[in-house]
A.B. asks: 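Below are the structure tokens for one structure; questions will follow.
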Protein chains: 2
Amino acid sequence: MTRVLVVDDDPTLVRALVVNLRARHFEVETASDGGTALRRAASHPPDLVILDLGLPDLDGLEVVAGLRGWTDVPIIVLSARDTQWAKVDALDAGADDYVTKPFGMDELLARMRASLRRAMPTPSAPVVTTDAFTVDLAARRVVRDGAPVRLTPTEWHLLEVLVRSPGKLVTHAELLRDVWGPAYVAQSNYLRVYLAQLRRKLELDPARPTHLITEPGLGYRFEP
Amino acid sequence: MTRVLVVDDDPTLVRALVVNLRARHFEVETASDGGTALRRAASHPPDLVILDLGLPDLDGLEVVAGLRGWTDVPIIVLSARDTQWAKVDALDAGADDYVTKPFGMDELLARMRASLRRAMPTPSAPVVTTDAFTVDLAARRVVRDGAPVRLTPTEWHLLEVLVRSPGKLVTHAELLRDVWGPAYVAQSNYLRVYLAQLRRKLELDPARPTHLITEPGLGYRFEP
DNA sequence: TCGGGTCTTGACGCGATCCTGACGCGCCGT
DNA sequence: ACGGCGCGTCAGGATCGCGTCAAGACCCGA
């Protein structure tokens, strides 16, 4: 089932969208402000985002940027502003399409289909597999030798950040910021401890890791 | 260079598009009817198609279907018809976007960028390749003979500075300042040692370097 | 209130990395 | 021919970062 995240602070419009999308067999989640939208998208990655630019807390473009920081999920922007520059700004910020209000529901649905069709070949890799274990980001689940692996919340969060950038080096600061919060970028003891635990649970030979690689002095890297 | 195929039977509009696109460093080809467009796209596959629906010979949607039969190239449809149903038909036929005439050139360019961004498999990763090794600056990774090369932080930093200015001479002072810090501009022993290590790890014949060239008395140069 | 699980924190040993000095070689000007 | 200069090479010791372990603090459900 295709999951859609609707971000809008107008309850009437949200209700109309929810009803129409549910009727088309989409799974719909909603958020009424930017902060909630970012959190909800992170905890429960959607297949498509419909984003109203007029939000109470964040600028809509900041939400686009926040999402684009870690995901390629298609984003369709809704806005009452019909100027060329508004469209250029939103599209260049990373949005896939820009629909001006008022809009026809059938047109929006067609644009959703077009965006989803285009995004399909790159299914945002919700499942990553190595020769030792399989990580299902959507289901928040790790399987090794056919059996699920028990991970603590912190362990999972750390693994998630690494797996989201396969092959790329993730610095100490990035990991600490994403998992523990911006205040912990100095501490570096956490990483050593939790990387060791992840390796103990996931690597075939924890003493000689082949997937959770340490780059001395810089950070760590997930190798698929 | 990105190749764009413009399909339209209105010479004025075509000329306007060609001028604007060429100015943005696109490579532009044109076709004034559907048959020509399909033939030209087949003989010279474009990276993006801009397609006017009002063509003399074929229905525009047949052109979309013809292209979609064998390619996933992004298609942006232009049309004077602003009804919801026209848009739904075009998008469901396989078009990526639908722009109604009259349109703003900047909006069209932004929508082109969005479509190209989405269609690109690897959105321009900053990688530098030589005949011996490949440097991926984003992932902080070096590959040689298919296997990743282990570099120490200092080695990597030094290589990074050199690779960021391909073909250009980088003086001793610049290298020392960027890698070791402004206080070390006098010392020059570090460079000799670390250049040697880089060559040992990267050059096919470390005794006769072909990519990490020394410029006696001045500095070093990375040759792609 | 108790108990299990999770998170933090510190200390320790070891290996990798970095720095350093010395040596040999080739180039170039004298 | 000779000496100076710059570069490449090597190996040893100091230092740093990483992996490991264990004990205490904390949270949450029973």
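Each chain gets a letter, A, B and so on, in the order its sequence line appears, and its residues count up from 1.
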A.B. asks: Does Thr214(B) place a side-chain N or O at less than 4.0 Å from the phosphate oxygens OP1/OP2 of dC7(D)?
C.D. replies: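 No, Thr214(B) has no side-chain N/O under 4.0 Å of OP1/OP2 on dC7(D).
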
A.B. asks: Side chain of Val193(A) only, heavy atoms from C-beta on: which candidate in dC21(D), dT6(C), dG8(D) is closest?
C.D. replies: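 The answer is dC21(D), which lies nearest to the side chain.
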
A.B. asks: Figure out the CG/P separation between Leu175(A) and dC18(D), and round it to whole Å.
C.D. replies: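 One finds 12 Å between P of dC18(D) and CG of Leu175(A), rounded.
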
A.B. asks: So, taking the atom named CD in Glu160(A) and the one named CG in Leu137(A), what distance separates them when rounded to the nearest 0.5 Å?
C.D. replies: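 Reported to 0.5 Å precision, the distance equals 6.0 Å.
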
A.B. asks: Rounded to whole angstrom units, what separation is found between the CD atom of Gln197(A) and the C1' atom of dT6(C)?
C.D. replies: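 Those two atoms, CD and C1', are 9 Å apart.
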
A.B. asks: Find the distance Glu203(A):CD to dC18(D):C1' and express it as a whole number of Å.
C.D. replies: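 Atom-to-atom, Glu203(A) to dC18(D), this comes out as 16 Å.
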
A.B. asks: Does dC7(D) have OP1 or OP2 under 4.0 Å away from a side-chain N or O of His172(B)?
C.D. replies: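 For His172(B), the contact criterion (side-chain N or O under 4.0 Å from OP1 or OP2 of dC7(D)) is met.
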
A.B. asks: Any carboxylate oxygen within less than 4.0 angstrom of a Lys/Arg side-chain nitrogen, looking at Glu215(A) and Arg140(B)?
C.D. replies: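 Here Glu215(A) does not pair with Arg140(B) in a salt bridge, since their nearest N and O are not under 4.0 Å apart.
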
A.B. asks: Can you identify which nucleotide, out of dC7(D), dT17(C), dT8(C), has its nearest atom closest to the Arg150(B) side chain?
C.D. replies: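 So the nucleotide nearest the side chain must be dT17(C).
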
A.B. asks: Figure out the CG/C1' separation between Leu198(B) and dC18(C), and round it to whole Å.
C.D. replies: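 Whole-Å distance recorded here is 14 Å.
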
A.B. asks: Taking the side chain from Glu203(B) and the backbone from Pro209(B), do they hold a donor-acceptor pair closer than 3.5 Å?
C.D. replies: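 No.
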
A.B. asks: Ignoring backbone atoms, establish whether Arg200(B) has a side-chain N or O less than 4.0 Å from OP1 or OP2 of dC10(D).
C.D. replies: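 Affirmative; the distance criterion is met.
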
A.B. asks: Round to a whole Å and report the spacing from NE2 of His157(A) to P of dC7(C).
C.D. replies: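 His157(A) atom NE2 is separated from dC7(C) atom P by 12 Å.
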
A.B. asks: Do the side chain of Arg22(A) and the main chain of Val28(A) share a donor and acceptor less than 3.5 angstrom apart?
C.D. replies: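 The answer is yes, because a donor-acceptor pair under 3.5 Å joins these two groups.
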
A.B. asks: Quick one: is dC19(C) close enough that its OP1 or OP2 comes under 4.0 Å of any side-chain N or O from Tyr190(B)?
C.D. replies: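 Checking Tyr190(B) against dC19(C): no side-chain N or O falls below 4.0 Å of OP1 or OP2.
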
A.B. asks: By nearest atom, which of the nucleotides dC7(C), dA22(C), dT17(C) is closest to the Pro216(A) side chain?
C.D. replies: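 The listed nucleotide nearest to Pro216(A)'s side chain is dT17(C).
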
A.B. asks: Could you tell me the separation between the CG atom of Asp205(B) and the P atom of dG8(D), rounded to a whole number of Å?
C.D. replies: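 Asp205(B) atom CG is separated from dG8(D) atom P by 14 Å.
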
A.B. asks: Please confirm whether the shortest side-chain N or O distance from Trp180(A) to OP1 or OP2 of dT8(C) is below 4.0 Å.
C.D. replies: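 Yes, such a contact exists.
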
A.B. asks: Is any side-chain N or O of Tyr194(B) closer than 4.0 Å to OP1 or OP2 of dT17(C)?
C.D. replies: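 No, Tyr194(B) has no side-chain N/O under 4.0 Å of OP1/OP2 on dT17(C).
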
A.B. asks: Write down the distance between CZ (Arg208(A)) and P (dG19(D)), rounded to a whole number of angstrom.
C.D. replies: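 Value for this atom pair: 15 Å.
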
A.B. asks: Looking only at side-chain atoms of Tyr220(A), point me to the closest of dG19(D), dT6(C), dG21(C).
C.D. replies: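 The answer is dG19(D).
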
A.B. asks: Thr152(A) or Leu151(B): which one's nearest nucleotide on DNA chain C is closer to the 5' end?
C.D. replies: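 So the residue in question is Thr152(A).
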
A.B. asks: More than 12 heavy atoms of other residues, nucleotides or ligands under 6.0 Å from CZ of Arg68(B): is that the case?
C.D. replies: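 More than 12 heavy atoms, drawn from other residues, nucleotides or ligands, come within 6.0 Å of this atom.
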
A.B. asks: For Arg199(B) and dT9(D), what is the distance between atoms CZ and C1' respectively, to the nearest whole Å?
C.D. replies: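 It works out to 12 Å between those atoms.
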
